[in-house]
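Below, read A as the first sequence line, B as the second, and so on, with proteins coming before strands; counting in each chain starts at 1.
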Amino acid sequence: MSESTATERQQVERYQAPPTEAKWRARWQETNLYRVDDDDPRPKWFSLTMYPYPSGILHVGHWYAFAVPDSFARFKRMQGFNVLFPMGFDAFGLPAENAAIKNNIHPAPWTIENIAQMRTQYDLMGAMIDWSRELASYDPDYYRWNQWIFLKMVEAGIAYRKDGAVWWCPQDQTVLANEQVLDGNICERCGSEVYKRDLEQWYFKITDYAEELLTELDGLDWPERVKTMQRNWIGRSTGARLAFQLETGDTLEVFTTRPDTVYGATFMVLAPEHPLVAKLTTDEQRETVEAYVKAARYKSEIERLSTDEERTKTGVFTGGYAINPLTDERIPVWIADYVLMTYGTGAIMAVPSGDQRDFEFARAFDLPIRLTVQPIEGEPLDPDTMTEAYGGPGIVVNSGEFNGQRVPEAIPAMIARLEEQGRGKAEVTYRLRDWLISRQRYWGTPIPIIYCDSCGMQPVPYEDLPVLLPHDAEFKPTGQSPLISHEAFLNTTCPKCGGPARRETDTLDTFMDSSWYWFRYTSPGYDKAPFDPEQAKKWTPVDLYSGGIEHAILHLLYARFFTKVLRDFGLVEQNEPFLRLRNQGMILSEEGTKMSKSRGTQVSPDELVHEYGADALRLHLMFLGPWELGGPWNSRGIVGMERFIRRAWQLVTEAGEKSFDGAAPAADLDAVVRAMHKTIARVTEDIAGFHFNTMVAGLIEFVNELTKRKDGPEANTPEWRAAIETLVLLMAPSTPYVAEEMWEMLGKPYSVHQQSWPAYDEALTKDDVVEIAVQVNGKLRDKLVLAADASEAEALAAARASEKVQQFAGDATPKRIIYVPGRLLNIIV
RNA sequence: GCGGGUGUGGCGAAACGGCAAACGCUGUGGUCUUAAACACCACUCUGGGAGUACCAGUUACGGGUUCGAAUCCCGUCACCCGCACCA
């Protein structure tokens, strides 16, 4: 050994990751190490990461999203839980279809190939996946349950058809849900400008669950910003619905959050699309109104809702009048595009003194402004001179019997009066709209509905499911559903009368696939329902869900909605699907930009695994910083993790040659034992709290401490052996391969991943002799080594003996002493 | 405009209101080597100082609370994210 050259040393003694990792990967597969047993009596733990889109190749971002939760799941397993940590693929959707169109191959083989490739890469990572539970949403055994749930929702009235203006993406040639439209008119998928079309489409009544979706956010252990985003999206407003009589005899309903300002309503505004516009418009005004309505239709929502400083209010007078329900005044009715048909009732009472938009409109068209709230402090407002609306607190004025009340009192009082008169009632509205779920695309779940000329719309009978997606369809986008041109699919018989009928040719939004998929993992082969309620009861709700922040609204809101619907169907008992949610940050390219396949800024893990090993890559990703933060990829730091693994491996190698029957000075032994207990405590707490970066630092410090001592007498003691074994156990979740190898080198039974997580003794996590800081007047002057439980008097006496302290504190009696045992002594003179 | 977050060495970062910069990277010097790679050791916030002695300063900026502030409070600036004519 002493004769060996440096080259030999490198070959013989250095840890070789690739062959070792290959060896254990094979062994884990042979022994089914990651098979999950439903009947395991230990308490369950369901860890889930959002199933990925099968785009082909994993980049380091996928690793970051999966390997870190994988380590957490391994940790839970060692802690004695029966852990379910499954994997599947979100396999339907536009990218497959678009790639297929581009390369002129079918989406199915493209998807299957990508999934196979990704499966291999997850195995390379050493992921703790039970592949027997894998699911893929393009599989008829999966999507038949989409169809099953859909039919149940039709029966329950939750799924329904509606004609109306919907978002249309000209690039993707399909309609979109509101949630899929960004910045007013941008397609979430492809970034194209989208616009509204009138189409009859399928919807899910998510609005029925708006209140529950909102209130139950409070009890979830989710990042606050995700909860805030969902609250904003649901957009609850409390106020009142008021009925204004029109001179045509119709009733015009409006929603307002400020019913207390009704005396200040000096005009009304309808959305241009409002159904009463035509009836209300007088003959003199008809031409102007019709021109305005027509123009508004062509304006994109972004223009209508834009808050650019230059924006000016536009609108026209209809010629009609309404009666104010409290003042009985006659007020003009206008139309303007700042009022949206899709919110509230599509009409407002305009109170220019209290609402900035109404104020601007009134100034622009010289409409009257009447003050109804006078601020308590500052100059009284004057409607003739005020430059902006006042929406703050104050005293009600110009409002008849309500004068003198404060706003919070006036609101219920006025609602009560309106209710008495049958002219209004308290109401809550939401910004959330129903979920549009039909898509005019090919690669998705066929909607199981049949249209018969004599019997009308008929659900496909449950026993006829699945309605298979035909593979030989022409799927190039034409703006019509591709399936419409597939005669064999389209033409069918009516399940009721047996006569000729047509199938629904739209497919379901692929967000439906991901709205319940985790239930399927609990009973993957089940063929009587989407999942076995018994198994779902055992495993769900998910204890820890992880994924990207980009799903804060879409997927997470839909998944919550589905859980509540499935609960109402009696399939599950829980109200919420995911008890704890953690979002990983995004891994950017080394330059700090988004990793992109097309720009070549993606970092491939495969080469890194080949060079440094999967364990080193995993550690490196963990060590980059807080997991929720993400950040730019750094290709240099990974060597540090490789060095750390090598040092740990070296310690185990040397330990394998020893007998551990030696003795060592008590102080050295104590240091080893305390370092071990401290590290167990630190690693345990850090993993539990998702602080993987500091967890890795803790492991490194422990290895460095042991490395420093490995040639001392303490390295031949049973305590040393215990420290080495503990090190391997602590490394097992985050470096599964090398830990397995080291465990074997120590002569321990397979597998390290089936061992119990080490326990620590709280008393041994603290040193009994500590260095404390001594301050004089808050400034650090010296450091003293004291017993951890030293009394204040002892500490002070020791400080008195210090020259440096003497120099600054003198002999005078201190004014005050602050002593924090184990930390510091502050002497105030 | 509203809401949320962030700001610490050359870089990624750490720090229950208690010794700022743990841990890693980079860099510099050294040991080993014919040479290199690997590995190992030392140093690596700023200024003063011959110095690994010692002194002073330092957590975007300005105040405050406190014996003591990166941490708590107020204000300013910068950047990031979400919402936004939602009645």
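Closest to the side chain of A:F255, out of B:rA22, B:rG12, B:rA87, is B:rA87. Out of B:rA87, B:rC38, B:rC83, the shortest distance to the side chain of A:N232 is found at B:rC83. Distance from the side chain of A:R431 is smallest for B:rC86 among the nucleotides B:rG24, B:rC38, B:rC86. Here the side chain of A:I348 is nearest to one of B:rA87, B:rA22, B:rG18, namely B:rA87.
With no hydrogens or angles considered, no side-chain donor-acceptor pair links A:N826 and A:R816 at under 3.5 Å. Side-chain contact annotation: A:T653 with A:Y15, donor-acceptor N/O pair under 3.5 Å absent.
A syn base is found at B:rG9: its glycosidic angle is within 90° of 0.
A residue-by-residue look at A:Y343 and A:V639 shows that A:V639 has its nearest nucleotide of RNA chain B further toward the 5' end. Between A:T228 and A:E642, the residue anchored nearer the 5' end of RNA chain B, judged by the nucleotide with its closest heavy atom, is A:T228.
Distance A:W233 CH2 to B:rA84 C1': 12 Å, rounded to the nearest Å. Whole-Å rounding puts the A:E388 CD to B:rC85 P distance at 19 Å. Atom NE2 of A:H691 is separated from atom C1' of B:rC23 by 16 Å (rounded to the nearest Å). For A:I818 and B:rG68, the CD1 to C1' distance is 7 Å, given to the nearest whole Å. If you take CZ of A:F361 and C1' of B:rC85, they are 12 Å apart, rounded to a whole angstrom. What separates CG of A:L270 from P of B:rA87 is a distance of 18 Å, to the nearest Å. One atom, CE of A:M622, and another, C1' of B:rG24, lie 15 Å apart when rounded to the nearest Å. Distance CG (A:N634) to P (B:rA13): 10 Å, rounded to an integer number of Å.
For B:rA14, the OP1/OP2 oxygens have a side-chain nitrogen or oxygen of A:N693 closer than 4.0 Å. At B:rA87, none of the side-chain N or O atoms of A:R258 fall inside 4.0 Å of OP1 or OP2 (strictly under the cut-off). At the phosphate of B:rA39, OP1 or OP2 sits under 4.0 Å from a side-chain N or O atom of A:R643. Contact annotation: A:R225 does not reach the phosphate of B:rC81 (side-chain N/O to OP1 or OP2, under 4.0 Å). Residue A:T694 places none of its side-chain N or O atoms closer than 4.0 Å to OP1 or OP2 of B:rA15. Between A:R357 and B:rC86, a side-chain N or O to OP1/OP2 separation shorter than 4.0 Å is present. Taking side-chain N and O atoms only, A:R781 has no distance below 4.0 Å to OP1 or OP2 of B:rC19.
Checked against the 6.0 Å centroid criterion, the rings of A:H620 and A:W633 qualify as a close aromatic pair.
Among the heavy atoms of the strands lying under 4.0 Å from A:R636 are primed sugar atoms or P, OP1, OP2 only; no base atom is included. Across all strands shown, A:R647 has heavy atoms under 4.0 Å from sugar-phosphate atoms exclusively, and none from any base. Counting non-hydrogen atoms under 4.0 angstrom, A:K804 reaches the backbone sugars and phosphates but no base. Within 4.0 Å (heavy atoms only), A:Q775 reaches at least one base atom of the nucleic acid. Using a 4.0 Å heavy-atom cutoff across all strands shown, A:P626 reaches sugar-phosphate atoms only and no base atom. Residue-level contact check: A:I828 touches the backbone only, with heavy atoms under 4.0 Å from sugar-phosphate atoms and none from bases. Among the protein residues, A:K815 comes within range of no part of the nucleic acid, since none of its heavy atoms lies under 4.0 Å from any strand. At a threshold of 4.0 angstrom between heavy atoms, the contacts of A:E224 with the nucleic acid are absent. Backbone-only engagement by A:N704 is indicated by non-hydrogen atom pairs under 4.0 Å involving sugar-phosphate atoms exclusively. The residue A:I700 sits close only to the backbone: its heavy atoms come under 4.0 Å of sugar-phosphate atoms, none of a base. Within 4.0 Å (heavy atoms only), A:N826 reaches at least one base atom of the nucleic acid.
Taking atom C1' in both B:rC11 and B:rG27, the straight-line distance is 11 Å, to the nearest Å. B:rA36 and B:rC45 have their C1' atoms separated by 34 Å, given to the nearest Å. B:rG49 and B:rG62: their C1' atoms are spaced 33 Å apart (whole Å). Separation of the P atoms belonging to B:rG7 and B:rC16 is 14 Å when rounded to the nearest angstrom. Comparing the C1' positions of B:rA60 and B:rU71 gives an interatomic distance of 16 Å, to the nearest angstrom. Look at the C1' atom in both B:rA15 and B:rU31: the space between them is 34 Å, to the nearest Å. The separation of B:rG12 from B:rC19, taken at their C1' atoms, amounts to 24 Å, rounded to a whole angstrom. Spacing of C1' atoms, B:rA69 relative to B:rA20, comes out at 11 Å, to the nearest Å.
With a 6.0 Å cutoff to the six-membered ring centre and a 45° limit on the axis angle, A:K313 counts as a cation-pi contact of A:Y338. Taking the centre and axis of the six-membered ring of A:W233, the NZ or CZ atom of A:R431 falls inside the cone set by 45° and 6.0 Å.
Below the 3.5 angstrom threshold, one finds a donor paired with an acceptor across the side chain of A:K313 and the base of B:rC85.
Relative orientation of the A:W435 and A:Y558 rings is parallel, given thresholds of 30° and 60° on the angle between their planes.
A:L246 has its side chain within reach of A:L280: a pair of non-hydrogen atoms, C-beta onward, lies under 4.5 Å apart.
With hydrogens and angles ignored, the 3.5 Å screen pairs no side-chain donor or acceptor of A:Y64 with any backbone N or O of A:M622. Within the 3.5 Å criterion, the main-chain N or O of A:E427 finds no donor-acceptor partner in the side chain of A:R241.
Residue A:I818 forms a side chain to side chain contact (heavy atoms under 4.5 Å, CB included) with just one option from A:I828, A:L825, A:I827, and that option is A:I828.
Consecutive pairing runs in RNA chain B reach the stem threshold at B:1-7 with B:77-83, B:10-12 with B:23-25, B:27-31 with B:39-43, B:45-48 with B:54-57, B:60-64 with B:72-76, where a stem means at least three Watson-Crick or G-U wobble pairs with distances under 3.5 Å.
Contact check on A:E628 versus A:R582 returns no salt bridge, with no Lys/Arg side-chain nitrogen under 4.0 Å from an Asp/Glu carboxylate oxygen.
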